[in-house]
Amino acid sequence: MGTEKQKVLLIDGNSIVNRAFYAMPPLTNSTGLHTNAVFGFTTMLLKVIEEEKPTHLLVAFDAGKATFRHEGYSEYKGGRQKTPPELSEQFPLLKELLHSFSIKQFELSGYEADDIIGTWTRLAEEQGQTAVIVSGDKDMLQLASDRVTVLLTRKGVSEVDRFTPEAIAEKYGLAPQQIIDLKGLMGDASDNIPGIAGVGEKTALKLLAEYGTVESVLEHAGEIKGKLGENVRAHQEDARMSKQLATIFREVPVERTWDELRWEGYEAAELAAAFRKLEFKSLIERLDLSGAGSHVGEEAKAAADYEVVWAGPGAEREWAALNEALPAAESVLIEWSGDNPHQSLGIGLAIAAGGRVFAVPHEALAGDEAARLREWLADGEAPKRGYDLHGAELALARSGYELRGHAFDVQLAAYLLDPTEANPSLAGLLQRQGLAPIAFDDAVYGKGAKFRVPEREALAAHLAAKADAVRRLAGPLAEELDRAGMRSLYYELEQPLSLILAGMEKQGIDVRSQSLAELGQEFQGEIERIVGEIHRLAGFEFNIGSTKQLGDVLFEKLGLPVVKKTKTGYSTDAEVLEKLEPFHEIVRLILHYRTLTKLQSTYIEGLLKEIRPEDGKIHTYYRQTIAATGRLSSQYPNLQNIPIRLEEGRRIRKAFVPSEPDWRIVAADYSQIELRVLAHISGDEGLVEAFRQEMDVHTKTAMDVFGVQADQVDAGMRRQAKAVNFGIVYGISDYGLSQNLHITRREAAEFIEQYFAAFPGVRKYMDDIVAQAREDGYVTTLMGRRRYLPDIRASNFNLRSFAERTAMNTPIQGTAADIIKLAMVRMDEKLKELGLRSRMLLQVHDELVFEVPPDEVETMAALVPETMARAFPLSVPLKADVSVGTNWYEAK
DNA sequence: CGCTTCACG
DNA sequence: ACGTACGTGAAGCGC
């Protein structure tokens with residue numbers, strides 16, 4: 001290191017970007033990306049570099065999500081508003097720009113930027129070097145020392161105030177370390193740190209002048225007079241915790257050496273290219289970069305390297321060009337608004353072809369000029385690469401358009417590559433692929449009530465950017481699918497299934513509103529009677545549906561024992577109420593009230609609202625890219641949770657009927673598919689043998705766990721064995737099983753041990769799959785579906801345990817999902833092949849529901865279970881039970 | 001908009 | 001010592 005004087009410039013990335021975002025006027029580049037915060041950050045950066053002339057440089061970021069501070073205090077940074085998308089889309093731009101500046105950046109999950117900066121200032125001090133911090137956060141002042149200077153932004157980001165220990169003493173009369181005490185006393189509304197109620201900056205400073213530290217203030221709390229003294233005494237814990245929250249952690253594992261932060265300036269050509277992309281023309285001039293790197297191909301090009309053509313109503317030339325380009329279309333993007341594509345409002349579409357992107361507003365689809373486009377969209381031989389083609393198909397159907405020829409769906413591919421990704425938006429996918437970014441939808445359209453479609457120019461730019469994004473993503477994602485061994489899972493299972501789902505959804509299921517309404521009448525009468533009873537027993541009227549009011553009645557008015565608490569108050573869930581039943585007759589009524597109001601609001605009223613008046617049917621929307629295990633999910637409404645367990649609710653199913661006279665409902669469900677999958681995957685001999693002999697698996701489990709003969713297994717033993725089997729599938733823990741069976745943990749552990757002794761192959765599977773997950777970072781299903789489990793290596797017990805249970809469960813649940821999906825594809829083929837009129841209507845995880853003409857009932861009652869059973873050969877037989885009825889209730 | 005509760009597999 | 005059973009969606013409450 002020599003004797004050279006070194007100075008590290010440490011920038012609080014999140015703080016500066018935030019300040020810049022709110023201080024700068026809006027600014028977008030030609031593709032609609034917001035850039036104002038990046039611009040503000042850059043001007044600040046250039047200025048500080050010029051003034052401070054650092055030898056080392058680092059920008060630190062918060063790693064997002066939870067930090068270790070949340071573990072002790074879940075409200076930390078509570079009331080803070082969410083980052084608007086106009087800002088969040090700028091982070092990747094900034095990170096890329098910093099890269100072009102050759103500036104190091106660092107973030108670490110579990111830590112905030114100030115902790116990283118605090119750690120580096122400590123390291124600088126230890127090495128006898130100096131540090132300069134740039135932030136907008138006053139907390140940083142605690143780090144000031146004779147070697148560390150803090151620059152706090154003022155008025156946005158362009159100007160800074162310089163804080164040395166002397167300057168802090170002058171301004172606050174405090175030493176840097178006392179900044180933490182200051183915050184401990186006064187709190188910080190923006191971080192949701194409470195401090196002592198009623199204590200603001202003035203009072204806090206007075207107290208510190210007298211006592212020096214929070215601890216000393218608290219020690220002398222007894223001598224502080226009046227209201228202030230009361231407050232101090234009442235909020236001692238708040239003060240201690242607030243001080244702790246405000247204290248910057250200076251021992252972050254920073255994973256870098258001092259020398260790695262060395263900064264030797266930027267590469268002019270690289271920076272020029274980055275500025276061009278962002279369209280920061282003034283900065284290019286200011287740094288005199290206009291000559292730099294303009295010859296270097298791709299990177300130096302402007303943001304969009306395609307021409308946007310607006311094919312609006314009456315734009316004859318543009319339509320002619322579009323029609324001509326259609327055969328060469330590389331991607332298509334259908335844009336609509338609303339969450340439910342069955343009820344969507346069209347926005348428009350865009351088609352990328354040969355260096356141009358044609359943007360078509362939705363209105364234009366109604367005109368004659370769209371005839372060729374209509375044909376092309378419906379042409380199964382014209383391949384479409386798109387994003388969410390399933391949703392697009394439904395949305396287009398509303399405008400009388402068909403969509404055929406699904407060739408590749410970027411959203412579906414992205415789901416297979418990482419089914420846990422919360423935001424598989426095009427903008428998000430580009431970020432993760434390291435491709436040139438586009439604006440997030442929320443930033444273009446606004447969110448919720450603020451949603452509005454922008455004017456022509458901005459809309460065209462965004463639609464074009466998205467269509468181009470599909471074009472750019474399709475190749476890389478397809479290659480990734482190949483590399484991950486999911487090519488056939490995609491092309492032979494998921495993509496064909498997406499078409500089948502769209503067909504089922506468009507078909508819909510007939511639901512008799514008359515039957516639902518009559519049942520609702522009945523429920524209503526019963527609910528009113530029960531409400532009266534409950535209010536009479538309580539002695540006054542209250543809202544039974546409010547857990548807060550109900551808790552007051554049960555635990556304060558009636559004095560029932562508190563069984564469990566939630567983070568907001570008393571728990572009143574069914575488990576708690578069942579325990580309370582013996583204490584008061586009101587409890588049973590409340591349970592019944594809950595059941596009935598659930599049925600009434602979710603199933604009677606909820607389903608009635610979803611029946612389309614045009615055809616009397618319900619059209620659900622199956623989501624193929626939501627569940628992390630590979631299952632489908634169902635929305636608007638959810639038809640996968642229609643009541644069945646209790647007779648009262650089961651009657652709802654009588655309203656689900658065939659849509660043609662004399663047709664029948666045929667339903668078939670897999671018997672014990674998950675345990676059969678487990679038998680296959682684990683190869684456990686006992687379990688495999690049990691299924692080969694078609695034994696009752698819960699009875700078999702009871703025999704082996706309790707060590708008895710079949711005829712000695714009573715109902716209670718079978719019930720317990722069944723719970724153990726559930727536990728095994730879910731990734732067993734003694735705690736979970738004990739909760740479920742209301743037994744002690746020790747007893748539960750005993751059961752589990754017995755189980756594993758009886759089924760050693762299952763134990764081996766559980767051990768192996770966890771080890772494998774730790775090794776690979778992911779688990780797979782029989783058909784190669786993947787789920788990443790980053791927490792499997794976490795040091796946090798909770799996170800790690802959760803990941804371990806997921807590792808055990810996902811291959812089982814996921815393989816079952818694979819199998820029924822495959823059965824759906826096979827059934828669809830069979831129906832076509834045999835020319836049957838029967839229609840597949842619903843999938844409920846292990847069940848398929850059809851409507852069937854009378855002359856096909858016999859055929860289908862054999863074909864469906866057979867097809868399901870043969871969908872995917874395992875080492876144990878798969879079995880599906882079938883039943884027929886005039887409605888879904890009867891088909892049981 | 002987060003929390004609680006409860007419907008399903 | 002740690003403290004949850006796996007996967008979903010919808011409704012009502014109350015801030």
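Lettering of chains follows the sequences in order, A, B, ..., and the numbering in each one begins at 1. Note: hydrogens, waters and symmetry copies are ignored here, and every other heavy atom, side chains too, is used.
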- Task: For A:L675 and B:dG9, give me the distance from atom CG to atom C1', rounded to whole Å.
- Result: 13 Å

- State whether the side chain of A:R653 and the backbone N or O of A:P643 hold a donor-acceptor pair below 3.5 Å, judged by distance alone. yes

- Message: Quick one: does any side-chain atom of A:E890 pair with a main-chain N or O of A:K654 as donor and acceptor, under 3.5 Å?
- Response: no

- For the pair A:S671 (side chain) and A:A880 (backbone), establish whether a donor and an acceptor sit closer than 3.5 Å, ignoring hydrogens and angles. no

- Message: Quick test of your reading of the model: are A:K892 and A:E847 salt-bridged, counting only N-O distances below 4.0 Å?
- Response: no

- Query: Taking OH from A:Y735 and P from C:dA1, how many angstroms apart are they, rounded to a whole number?
  - Reply: 16 Å

- Rounded to the Å, how far apart are A:D573 CG and C:dA5 C1'? 15 Å

- Sugar-phosphate, base or nothing in reach of A:A723, heavy atoms under 4.0 Å: base

- For the residue pair A:H845 and A:E674, confirm or rule out a side-chain donor-acceptor distance under 3.5 Å. no

- Item | Reading 5' to 3' through nucleotides 7-13 of chain C, protein heavy-atom contacts under 4.0 Å coded B for base, S for sugar-phosphate only, - for none | BSBBSSS

- Query: With sugar-phosphate meaning primed atoms plus P, OP1 and OP2, does A:V844 contact a base, only sugar-phosphate, or nothing at under 4.0 Å between heavy atoms?
  - Reply: sugar-phosphate

- Item | Rounded distance (Å) that lies between atom P of B:dA7 and atom CD1 of A:I604 | 14 Å

- Message: Using whole Å, what does the distance between atom P of nucleotide B:dC6 and atom NE2 of A:H592 come to?
- Response: 14 Å

- Atom CD of A:E804 to atom P of C:dA5: distance rounded to whole Å? 16 Å

- Could you tell me whether A:N740 contacts a base, only the sugar-phosphate backbone, or nothing, with contacts defined as non-hydrogen atoms closer than 4.0 Å? base

- What distance, rounded to whole Å, do you find between the two C1' atoms, one in B:dC6 and one in C:dA1? 33 Å

- Query: Phosphate oxygens OP1/OP2 of B:dC6: is one of them under 4.0 Å from a side-chain N or O of A:R594?
  - Reply: yes

- When you look at A:D791 and A:T806, which way does the side-chain contact (heavy atoms from CB on, under 4.5 Å) test go after all the steps? CA-CA 10 Å; A:D791 291 340; A:T806 311; over 6 Å; no

- Message: If you compare every side-chain N and O of A:T572 against the phosphate oxygens of B:dT5 (OP1, OP2), does one of them come in below 4.0 Å?
- Response: yes

- Query: What is the distance from CZ of A:R653 to P of B:dA7, rounded to the nearest Å?
  - Reply: 13 Å

- Query: Is any N or O donor-acceptor pair between the side chain of A:S733 and the base of C:dT4 shorter than 3.5 Å?
  - Reply: yes

- What does A:S801 touch in the nucleic acid at a heavy-atom separation under 4.0 angstrom: a base, only the sugar-phosphate, or nothing? nothing

- Message: Working note: A:H680 + A:Y765, criterion ring-ring contact (aromatic ring centres under 6.0 Å, His included); need CA distance, chi angles, decisive distance, verdict.
- Response: CA-CA 11 Å; A:H680 173 90; A:Y765 160 73; over 10 Å; no

- Task: May I ask you to say what A:L599 touches in the nucleic acid, namely base, sugar-phosphate or nothing, with a heavy-atom cut-off under 4.0 Å?
- Result: nothing

- Item | Length of the line joining A:D846:CG and C:dC6:C1', which is rounded to integer Å | 14 Å

- Query: So, the side chain of A:Q640 versus the backbone of A:Q843: is there a donor-acceptor pair under 3.5 Å, distance only?
  - Reply: yes

- Message: Within the 4.0 Å heavy-atom criterion, would you say A:A817 contacts the bases, only the backbone, or no part of the nucleic acid?
- Response: nothing

- Euclidean distance for C1', C:dG3 against B:dA7 (whole angstrom): 26 Å

- If pairing means Watson-Crick or G-U wobble with both distances under 3.5 Å, then the partner of B:dC3 is C:dG12

